[in-house]
Asker: 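Structure incoming, see below.
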Protein chains: 4
Amino acid sequence: MAKIKVGILGATGNVGQRFIQVLNNHPWFEISALAASERSAGKMYADVADWKVGTEIPDSVAGIEVVPIDPKNIDADIVFSALPADLALTIEPAFAKEGFVVASNASSFRMEEDIPLVIPEVNPEHLGLIDVQKKNRKWDGCIITNPNCSTIMMSVTLKPLLQFGLQSVQVATMQAISGAGYNGIYAMSIYDNVVPFIGGEEEKIETESLKIFGKFDGKKVVNNTDFKVSASCNRVPVIDGHTEAIWAGLKSNPKPDAVKEAFLKFDPGLSHLPTEPKYPIIVRDEKDRPQPRLDRDMGKGMSVSVGRIREGVGGVRYMALGHNTIRGAAGASVLNAELMHKKGYL
Amino acid sequence: MAKIKVGILGATGNVGQRFIQVLNNHPWFEISALAASERSAGKMYADVADWKVGTEIPDSVAGIEVVPIDPKNIDADIVFSALPADLALTIEPAFAKEGFVVASNASSFRMEEDIPLVIPEVNPEHLGLIDVQKKNRKWDGCIITNPNCSTIMMSVTLKPLLQFGLQSVQVATMQAISGAGYNGIYAMSIYDNVVPFIGGEEEKIETESLKIFGKFDGKKVVNNTDFKVSASCNRVPVIDGHTEAIWAGLKSNPKPDAVKEAFLKFDPGLSHLPTEPKYPIIVRDEKDRPQPRLDRDMGKGMSVSVGRIREGVGGVRYMALGHNTIRGAAGASVLNAELMHKKGYL
Amino acid sequence: MAKIKVGILGATGNVGQRFIQVLNNHPWFEISALAASERSAGKMYADVADWKVGTEIPDSVAGIEVVPIDPKNIDADIVFSALPADLALTIEPAFAKEGFVVASNASSFRMEEDIPLVIPEVNPEHLGLIDVQKKNRKWDGCIITNPNCSTIMMSVTLKPLLQFGLQSVQVATMQAISGAGYNGIYAMSIYDNVVPFIGGEEEKIETESLKIFGKFDGKKVVNNTDFKVSASCNRVPVIDGHTEAIWAGLKSNPKPDAVKEAFLKFDPGLSHLPTEPKYPIIVRDEKDRPQPRLDRDMGKGMSVSVGRIREGVGGVRYMALGHNTIRGAAGASVLNAELMHKKGYL
Amino acid sequence: MAKIKVGILGATGNVGQRFIQVLNNHPWFEISALAASERSAGKMYADVADWKVGTEIPDSVAGIEVVPIDPKNIDADIVFSALPADLALTIEPAFAKEGFVVASNASSFRMEEDIPLVIPEVNPEHLGLIDVQKKNRKWDGCIITNPNCSTIMMSVTLKPLLQFGLQSVQVATMQAISGAGYNGIYAMSIYDNVVPFIGGEEEKIETESLKIFGKFDGKKVVNNTDFKVSASCNRVPVIDGHTEAIWAGLKSNPKPDAVKEAFLKFDPGLSHLPTEPKYPIIVRDEKDRPQPRLDRDMGKGMSVSVGRIREGVGGVRYMALGHNTIRGAAGASVLNAELMHKKGYL
């Protein structure tokens, strides 16, 4: 069977490079277009991408000529968007209008009423918004978004806690520098240091999670009002991998062991998507795990690791960790596209 | 006026070196004895201390001959203890029995009913326990302790919040590697990493704080039962300076500005002790402060810096930061000794 | 064809873990025994190895029961030694006597007259020493060693320079912390720091390289006397990957471009061994490469990357870089065993 | 006696802040003007300087109104220039023309024939160029420059080696990130990494050193031709402090002990300038010193520390280290101004 052609918008940046890694040798998708700014367009990808994500640049993309970010340059069914929010605001609708499925990691449309904000393991049923969206906007294509990186790690772990009656979440994050992009943070700012602020991050965690856990009523998503989220976001000197200290207030106040059991039993029921990890949640029993350098690559960067499950304040405390540019960005968008394909939306 | 002679027990280690820094040119105290393990005894301090705290080793101590840790070797009125907890357990009582005031940074006796656990800015009235202790134990001297480093930073900032009806505290710490001592953490364990566990730390924060904020009834300290503390402790790749993300549940649910005002107005009423900083709490208005590398040395390492005061969950969220081996260790013990001197306990 | 059974001595440590990674899915070898100290013996590998090399522990070894380091416990033809030098001194001969091929990363026997010190790309003909060794020592098996990590990176790049008349080498190293083993360096020692000393390292580089480039005359290796090596070794805050600044004095004083050409054309003539990288030397044209975080994993950690080839002092200056625990340790030993197999020594 | 008024050009940046630190409580100089870009002009220094050099911003400068970088705004006799090279090119001559002594850390004029490039401990007699310069250029004021940071550390240590017949220098540097300014290096570029390239640095070291050690013949400086310098410059993850591995070829091939003796005896004969450290060169006997985090602040950041003096290649090998933004920048300029004052040039 012929593979589905996919393009990457913003292919040269940090998340763009991660898209290429995640899509390399993909069983369903093949990269047919790499789009980037005018500055890079017309040149070979290997010559313009300052490739910095560890492994070697795949031969299959090294020689692709980068094209400008314009629907008419791109022969693909799906485009993955690694665009900055301001550019995504106009470019993504232009692609959707022209019939592309836009699987976006940008924040621009996440909170729009008719745009699904999806984590396949958490709220796959929100895909239903796509029909609403197409009708509303008279688009041939559509936009589907994944949440902010920190929100994803947290939400995957909250899903199996719903059964205990989730009432409140407090989360202190320790986020990796790659989350700000390659040129996002100066070395003098973060070395031997912690920066207790990430612009817009706390708001994203607090609002996106309520939509993700909201109910799709056939027409729109009604935000969850059962619980509130309060976040305190910090940047720490770590290359990749966001670590989160979470307090979950739980109505039934389960023992930590019951929560551990819920994590272990969690099965999102996706019947295996290609980028889905064997274990969506890995439970570490060691007293000092998860740790970003040791656990960020678990499940090819798609598993969320948890540990230190212990009593909290009317609930439990635990640590959660995931790879911010894979599970929290490129991998999240690809997983969304895989879900759409499986559910017949392509 | 002649200065009061002081000795340092465990003078060669990381906290021992910080004691020397804090006591250098002290207006009331002068170092008369440096005590360390048998291995170092009999040698010049400069030859056995692997001095690593940045500034040069003061000339006045470089040539002092290190003595064994034994009361009969030490000519001093006060001894500052930078001993590990297991050694402190037997050594500190031996000194107290022999008439020394032992101002200890060790955890061994902090929770003993008749041993004061004091932060001068928070609970100076707990000094009253000293009379109880002397009577109980029939000691000529006494032991006074300061809390664990993370507890100190947090408690200093909680004091001015009492007026709002403190009901709960959740604190996620990001602690510096110096807190584990020079040989406490391997480079491979913490570089490009976060370790979400510090042995005993969460328990110390959760129990010590209730004693500190307890009421001294003339005979003992009755632990505070108005609030509970829940801690999540992490080690991050920072040399010095513990950073804390705090949620304080406050009955009167004040606006963040009112809390800021309370921090700014906080006056511990100590009428200036030599090691007391000009500002016990420094309020940073920048959106991304306090930061350990930039703020740990404020007030010669004795100020606690706070910032990002914002709405929490039935109260406020904010960041707190202090120098773990000065404000959180050596400086804390010296400040306690100064308080005792001022209050006539020496 | 049945695979050759191999054991790993010292399987739980940092280099032991790298051996497992390199041998995972090996076309010729299969791991049949994991040996470690008495403390670990009798337990499942996954339970005793504190696995910290990034990827997940292979399923095929996780459940292997660790055995004590004793020839009679081990069913294998080859044993790879990741033992510390002091233990290797008695254990490796015991295995060689019992008929095992011991491919060792330890330094204990590298400079022995009848023990080959081999880098397959540099001096494969030194394998001839094995016959001498067996005869001398009346062993059924033998010991083959690979050089110290820093020596390997340097020597691979010096080989193609021999044609220009190598007269002198000055090398300043910037070595990764993993080179000292997991527990080798305290975080407080190396963070925000450089340590300009690594015990024994300069001597190893200076003596091992002369043996490697020596001539095997059928009976012994006569050390090379054409050139001298002077090393200055430093530890820097990098997890993996040794970087070296090299000055090579060259008799014919070639232009940098001729040296680049020699690097590019370098073909060790091994006709492909499984662990041999596609390119033994990768030449980077960027002005600021090679860099350890970006280049250490090239060729699955087995390529040496060079760059900044420019005029030196009567020769050239350049940078060289390789993965210290793969190219410089586990991978080096495995490559030696592969060479032996190909040359009919097994 | 009234203090001499001094201004700082480029007062808000990293080196500008170091100038303020070095000049704080200076016995001869007082800061009368802080000049910076138009963006900062008209505002209070404390409001525009993003103060990040550790200690608190001195009260005496916090409230100074920043002025534009224009001679007519500045009431001072000396201006210290922390300007970037491109701006310095036009601004520094404008100040010199208007009668200011410009003590510059910029590279723009270092190699100009009539501009002195001075390290007081090395070539104070080059001050004689000032008269030549004033005559040539018909300036009332003048420009005096200090070398590049890496050049300074190296040159201070080479001075006492001249007696042994210096013939060649090879230097591999490991330079701190602060050397590139606050915004000079991205965290993703240098964390867990070494960058083996610093633009223009090797050329500066190689050319500036020959001028510094040149002979002032009354009219000009004739570059030294006795030796050549070959540099290999690297950026490492260190906040402050440049470390250098040096090979010095010495005609008389002295024993390392003789070289150590020469370092210890080195007396620049300046009869004490205020910023001059007690020891221009500190010799460390420990096997693993100097180290940047431990030694950069020696002599208030103005001493150069050396260690590991051992045999080289026809000479000696040793390590040298100094604080790049104090000894290598702001402190160097201030020391030059002090020398000028002492020699009657003000």
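Note that this is a predicted model, so its numbers are computed, not measured. Proteins get letters first, then strands, A, B, ... in listed order; numbering begins at 1 in each.
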Asker: Does atom CZ (C:Phe266) have a neighbourhood of more than 12 heavy atoms from anything else shown, all under 6.0 Å?
Answerer: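 Atom CZ in C:Phe266 is crowded, with more than 12 foreign heavy atoms closer than 6.0 Å.
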Asker: Which residue out of C:Met319, C:Lys287, C:Arg296 racks up the most heavy-atom pairs below 4.5 Å with chain D?
Answerer: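 Among the listed options, the one with the most contacts to chain D is C:Lys287.
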Asker: Would a 4.5 Å heavy-atom cut-off, applied to side chains only, mark C:Gln291 and D:Val194 as touching?
Answerer: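 In short, these two side chains do not touch, never coming nearer than 4.5 Å.
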Asker: Answer yes or no: are there more than 12 heavy-atom neighbours, outside D:Lys251 itself, under 6.0 Å from its atom NZ?
Answerer: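 Result for NZ/D:Lys251: open.
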Asker: Among D:Ala231, D:Ala172, D:Ala176, single out the residue with the greatest number of heavy-atom pairs under 4.5 Å to chain C.
Answerer: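 Maximum pair count with chain C is reached by D:Ala231.
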Asker: Tell me, side chain or backbone of C:Ser168 under 4.5 Å from chain D's heavy atoms, or both, or neither?
Answerer: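 For C:Ser168, there is no contact with chain D at all, as no heavy atom is under 4.5 Å.
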Asker: Quick one: pull up CD1 in D:Ile198 and CG in C:Asp288 and give me the separation to the nearest 0.5 Å.
Answerer: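 Reported value, rounded in 0.5 Å steps: 11.0 Å.
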Asker: Please rank D:Thr243, D:Ile177, D:Leu294, D:Asn234 by heavy-atom pairs under 4.5 Å with chain C and give me the top one.
Answerer: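 The candidate making the most pairs under 4.5 Å is D:Asn234.
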Asker: Picking from C:Gly307, C:Pro290, C:Gly312, C:Pro196, which has the most non-hydrogen pairs under 4.5 angstrom with chain D?
Answerer: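 Heavy-atom pairs under 4.5 Å are most numerous for C:Pro196.
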Asker: Heavy-atom cut-off 4.5 Å, strictly under: side chain, backbone, both or neither for C:Arg310 against chain D?
Answerer: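 The side chain, not the backbone.
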Asker: So, are D:Arg317 and C:Glu206 salt-bridged, with charged N and O less than 4.0 Å apart?
Answerer: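 Salt bridge between D:Arg317 and C:Glu206, a charged N being under 4.0 Å from a carboxylate O: yes.
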Asker: Relative to chain D, which segment of C:Tyr318 carries a heavy atom at a distance below 4.5 Å: side chain, backbone, both, or neither?
Answerer: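 No part of C:Tyr318 comes within 4.5 Å of chain D.
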Asker: For D:Lys52, is the NZ atom crowded, meaning more than 12 foreign heavy atoms sit under 6.0 Å from it?
Answerer: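 Result for NZ/D:Lys52: enclosed.
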Asker: Hey, does D:Ser232 have a side-chain heavy atom less than 4.5 Å from the side chain of C:Trp247?
Answerer: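 A side-chain contact exists here, since the closest heavy-atom pair is under 4.5 Å.
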Asker: I'd like to know which of D:Ala245, D:Gly199, D:Ser189, D:Pro237 tops the heavy-atom pair count under 4.5 Å against chain C.
Answerer: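 Of the candidates given, the most pairs with chain C belong to D:Pro237.
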Asker: Can you tell me which portion of C:Val171 sits under 4.5 Å from chain D's heavy atoms? Options are side chain, backbone, both or neither.
Answerer: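 The backbone, not the side chain.
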Asker: Between the side chain of D:Asn193 and the main-chain N/O of C:Arg293, is any donor-acceptor distance below 3.5 Å?
Answerer: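 Side chain of D:Asn193 to backbone of C:Arg293, a donor-acceptor pair under 3.5 Å: yes, one is there.
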Asker: Which one, D:Leu321, D:Val236, D:Ile239, leads in non-hydrogen pairs under 4.5 Å with chain C?
Answerer: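 So the answer, after comparing D:Leu321, D:Val236, D:Ile239, is D:Ile239.
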Asker: Mind listing the closest non-hydrogen atom pair of C:Asp240 and D:Asp192 along with its distance?
Answerer: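 Answer, listing the atom of C:Asp240 first, then D:Asp192: N-OD1, 4.3 Å.
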Asker: Do the charged groups of D:Lys228 and C:Glu311 touch, with an N to O distance under 4.0 Å?
Answerer: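 Between C:Glu311 and D:Lys228 there is no salt bridge, as every charged N stays at least 4.0 Å from the carboxylate O atoms.
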Asker: Just checking C:Tyr279: does its OH atom have more than 12 heavy atoms from other residues, nucleotides or ligands closer to it than 6.0 angstrom?
Answerer: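 Atom OH in C:Tyr279 is not crowded, with 12 or fewer foreign heavy atoms closer than 6.0 Å.
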